[in-house]
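So the structure is just underneath, and the comments pick up after that.
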Amino acid sequence: MKYWLMKSEPSAFSIDDLKKAGSEHWDGIRNYQARNYMRDDMKVGDRVLFYHSSTEVPGVVGTATVSREAYPDHTAFDPESRYFDPKSSPDNPRWMMVDLTYESSFGQPVTLAEIRGMPKLKDMLVIRKGQRLSIQPVTKAEFETVLKFARAREAR
DNA sequence: GCCAACGTTGGC
DNA sequence: GCCAACGTTGGC
């Protein structure tokens with residue numbers, strides 16, 4: 001089983017949106033490395049840290065699981081979509097998506113600043129300068145550290 | 001809104 | 001295949 005961090009702008013799609021939906025497809029990925037992670041490495045049951053970016057307090061806000069492996073991102077075929085890509089076609093799809101299923105929401109986000117401050121999380125890609133990938137692998141230890149930190153705070 | 005860091009595009 | 005120009009990301 002693998003572990004991931006996936007970024008979303010909450011104004012576009014938030015953890016609450018995923019909670020409401022239960023499961024949802026993760027469309028709009030238009031970066032080859034992020035696509036390759038989904039296409040080649042994500043399996044059903046993989047666990048995901050759900051991260052809110054471009055918001056007042058960026059950070060991990062909850063968890064999800066991968067519930068369907070990579071399949072063509074249909075928004076690339078839709079000229080009306082902001083994610084339209086004329087180079088992608090149903091015959092030869094360039095972009096992929098996976099489905100995520102909601103797992104949990106943190107009472108308070110584990111903020112980017114907090115991640116920066118924790119020695120155990122010093123190698124997380126999300127705090128590496130210039131790292132903008134919207135899908136990033138995390139280690140099991142990092143995943144569990146984030147989760148424990150969130151749970152410990154909720155227990156107080 | 002600024003801007004650093006990157007990724008992509010396209011002319012050559 | 002180089003690389004300048006351009007677009008995007010995302011924290012601040």
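Hydrogens, waters and symmetry mates play no part in the numbers below; they use all other heavy atoms, side chains included. Residue numbering restarts at 1 for every chain, and letters A, B, ... go by the order of the sequence lines.
With respect to the salt-bridge test (charged N to carboxylate O, under 4.0 angstrom), the residues A:Arg39 and A:Glu69 do not qualify.
Note that OG of A:Ser53 is 12.0 Å distant from CZ of A:Arg132, once rounded to the nearest 0.5 Å. Taking NE2 of A:His25 as the reference point, atom CZ of A:Phe13 lies at 8.5 Å (rounded to 0.5 Å).
Separation of the A:Trp4 and A:Phe50 ring centroids does not fall under the 6.0 Å cut-off.
Remark: A:Lys129 is not in phosphate contact with B:dA4, judged by side-chain N or O atoms under 4.0 Å from OP1 or OP2.
Checked by atom type, the side-chain pair A:Thr75/A:Arg30 shows a donor-acceptor distance below 3.5 Å.
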Next item on the list: Summarise how protein sits on nucleotides 7-12 of chain C as a single string, 5' to 3': B when a protein heavy atom is under 4.0 Å from the base, S for sugar-phosphate-only contact, - for no contact.
Entry: -BBBSS
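The nearest whole Å value for the distance from the CG atom in A:Leu125 to the C1' atom in B:dA5 is 15 Å.
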